[in-house]
Amino acid sequence: MQILKKIGKVALDVLIVVVFIISVFLVIANIGVDREKGEQPNVFGYVVNSVQSESMSGTFEKGAIVVGKVPDENTKLKVDDIITFRQKVNGQLILNTHRIVEVETIGNTDFYTTQGDNREICPTADPGQRSLGDIVAVYKFQIPFVGGFIDFLKKPLGFVLCLVLPMLAFIAWQVYKLVSIYLAMKKAEMEEAAKEAVSDDAKEAIIKEYLAKMQAQNAANAPNAETTAEAQSEEVKEESNAE
C-alpha cells in the first residue's frame, strides 16, 4: 500500500507539472498573436490546428488535430507536401490544410496549387495559388479525436481555464506539500522531545527509588548496629568483673 501511495503521489506530481508546462506554453504562444491577420500561435516553431471538414478524409479525419512546422524563407516545398495556408472565403480569412498538387516557379518565387485528398468533396484544385507567405505550417503529424478540445482551448473561456486552473492546482498542491512537510517535522520534533522528557523522568524516578532503598536499608541496619554495640559493651563489663 505504501508503494502504491508513493507511485500515486509521483504520478499526480508529474501530471500537474505537465499540465502546468503546457499551460505556460499556450500562454506564451498566444501572446502577441494577431488572429485577424491569420497569425497562429506556435510553440517552438510548431503550430496546432484542428480539422474542421472532411476534405482530407483518408489522410486525417474531421476532429483530429494536425501539427505542422512553421516554414522559413529557406523552406522548399514539393508536390505531395501537405500545408496549412491562409485562404479567404466569402471575405473571411480562414485556415485550410490541403495537399500540394502542383508547383510553379516564376522568377525566384514558387507558387503552389493545392487540393483536398477527398475527391468527392474536392473534385478540383483549390482556386488560386499560394506563395510561401501564405503558408502557416507544413504538416508533420496528426493526433486523432482531440480537435474539439483544441478548439475549446482557443476560445477565451478555454484559454482562461487552461491557464488559471492548472496554475491554481499546481500552487495549491505545492502549498499542501510544504504544509505537510512542516507538520511532519514539527511532529517529529515533539515526539523526540517527549522521548527525551520521558527518559529524564525515568532516570529521576530510578535515582529516587535507589535513594529510598538505601535509606530503608540504613534504617533497617541501624537497630542491629545499636544491639551489637550494647552486646560488646556487656561483654567488656563482664570481663572487667571477672578480673
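Keep in mind that the numbers below use all heavy atoms, side chains included, and drop hydrogens, waters and symmetry copies.
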Undergrad: Show, in sequence, the C-alpha distance, side-chain angles and deciding distance for Tyr46 and Lys140, and conclude whether the side chain to side chain contact (heavy atoms under 4.5 Å, CB included) test is met.
TA: CA-CA 9 Å; Tyr46 286 87; Lys140 294 299 180 182; 4.2 Å; yes
Undergrad: Do you know the tightest heavy-atom contact between Leu132 and Tyr112?
TA: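 Nearest pair, atom of Leu132 first, then Tyr112: N-CE1, 4.3 Å.
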Undergrad: Any side-chain heavy-atom pair from Ile121 and Glu54 closer than 4.5 angstrom?
TA: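 Ile121 reaches Glu54 side chain to side chain.
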Undergrad: So how far is it from Glu104 CD to Ser131 OG, rounded to the nearest 0.5 Å?
TA: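 If I round to the nearest 0.5 Å, the distance is 12.5 Å.
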Undergrad: When rounded to the nearest 0.5 angstrom, what distance separates OG1 in Thr75 from NZ in Lys69?
TA: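 Separation between the atoms: 8.5 Å.
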Undergrad: Quick one: does any side-chain atom of Arg86 pair with a main-chain N or O of Arg130 as donor and acceptor, under 3.5 Å?
TA: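 No: the side chain of Arg86 does not pair with the backbone of Arg130.
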Undergrad: Would you give the length of the straight line joining atom CD1 of Ile83 to atom OG1 of Thr114, rounded to the nearest 0.5 angstrom?
TA: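 If we round to the nearest 0.5 Å, Ile83:CD1 and Thr114:OG1 are 6.0 Å apart.
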Undergrad: With the 4.5 Å side-chain cut-off for hydrophobic clustering, are Val51 and Tyr139 part of the same group?
TA: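 Same hydrophobic cluster.
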Undergrad: What about Val138 and Val136, same hydrophobic cluster or not, with Ile/Leu/Val/Met/Phe/Trp/Tyr joined at side-chain heavy-atom distances under 4.5 Å?
TA: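 Different clusters.
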Undergrad: Would you compute the distance between atom OG1 of Thr84 and atom CD1 of Ile135 and round it to the nearest 0.5 angstrom?
TA: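 Thr84 OG1 to Ile135 CD1: 9.5 Å, rounded to 0.5 Å.
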Undergrad: Scan side-chain atoms only and decide if Thr105 and Asp110 contain a donor-acceptor pair under the 3.5 Å cut-off.
TA: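 Yes, Asp110 and Thr105 have a side-chain donor paired with an acceptor closer than 3.5 Å.
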Undergrad: Within the side chain of Arg99, is there an N or O that forms a donor-acceptor pair under 3.5 Å with the backbone of Asp80?
TA: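 Such a contact is found between Arg99 side chain and Asp80 backbone.
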Undergrad: Using distance only, find each side-chain donor-acceptor pair of residues 55-63 under 3.5 Å and give its atom names and separation, not counting sequence neighbours.
TA:
| residue | atom | partner | partner atom | Å |
| --- | --- | --- | --- | --- |
| Ser55 | OG | Ser53 | OG | 3.2 |
| Ser55 | OG | His98 | NE2 | 2.9 |
| Ser57 | OG | Glu61 | OE1 | 2.8 |
| Thr59 | OG1 | Asp117 | OD2 | 2.5 |
| Glu61 | OE2 | Gly58 | N | 2.9 |

Undergrad: Taking only residues two or more places apart in sequence or in another chain, which ones pass salt bridge (charged side-chain N to carboxylate O under 4.0 Å, His left out) with Asp134?
TA: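 Once residues adjacent in sequence are excluded, Asp134 has no partner under the salt bridge (charged side-chain N to carboxylate O under 4.0 Å, His left out) criterion.
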Undergrad: Check whether more than 12 heavy atoms from other residues, nucleotides or ligands sit under 6.0 Å from atom CD of Glu120, and answer yes or no.
TA: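 For Glu120, atom CD is not crowded (no more than 12 foreign heavy atoms under 6.0 Å).
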Undergrad: For Tyr176, enumerate each residue passing the ring-ring contact (aromatic ring centres under 6.0 Å, His included) test, keeping only those at least two apart in sequence or located in another chain.
TA: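 Once residues adjacent in sequence are excluded, the partners of Tyr176 under the ring-ring contact (aromatic ring centres under 6.0 Å, His included) criterion are Trp173.
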Undergrad: When hydrophobic residues are tied together by side-chain contacts of less than 4.5 Å, even through go-betweens, does Val103 share a cluster with Val101?
TA: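 No.
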Undergrad: Let's go through Leu183 and Lys187 carefully: what are the C-alpha distance in whole Å and the side-chain angles of both, what is the deciding distance for side chain to side chain contact (heavy atoms under 4.5 Å, CB included) to 0.1 Å, and is it a yes or a no?
TA: CA-CA 6 Å; Leu183 292 177; Lys187 182 180 179 181; over 6 Å; no
Undergrad: Before you tell me yes or no, could you show the steps for Phe85 and Leu95 under side chain to side chain contact (heavy atoms under 4.5 Å, CB included), namely the whole-Å CA-CA distance, both residues' side-chain angles and the distance that decides it to 0.1 Å?
TA: CA-CA 6 Å; Phe85 54 91; Leu95 293 178; over 6 Å; no
Undergrad: Using a cut-off of 6.0 Å, state whether more than 12 heavy atoms not belonging to Asn74 lie near its atom CG.
TA: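 Enclosed.
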Undergrad: Any link between Ile82 and Val79 through a network of hydrophobic side chains (Ile, Leu, Val, Met, Phe, Trp, Tyr) touching at under 4.5 Å?
TA: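 Per the 4.5 Å side-chain linkage, Ile82 and Val79 are not co-clustered.
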Undergrad: Checking Asn96 against Gln87: is there a side-chain donor and acceptor pair closer than 3.5 Å?
TA: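 Distance-only check passes for Gln87 and Asn96.
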Undergrad: Establish whether Val179 and Tyr182 are linked, either directly or via other cluster members, by ILVMFWY side-chain heavy-atom contacts under 4.5 Å.
TA: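 Val179 and Tyr182: one cluster.
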Undergrad: Go through it in stages, so that I can follow the logic: the residues are Gln115 and Thr113, the test is side-chain hydrogen bond (donor to acceptor under 3.5 Å, both in side chains), and I'd like the CA-CA distance, side-chain angles, deciding distance and then a yes or no.
TA: CA-CA 7 Å; Gln115 186 175 357; Thr113 301; over 6 Å; no
Undergrad: If you round to the nearest 0.5 Å, how far is CD1 of Ile106 from CG of Asn108?
TA: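 The CG atom of Asn108 sits 11.5 Å away from the CD1 atom of Ile106.
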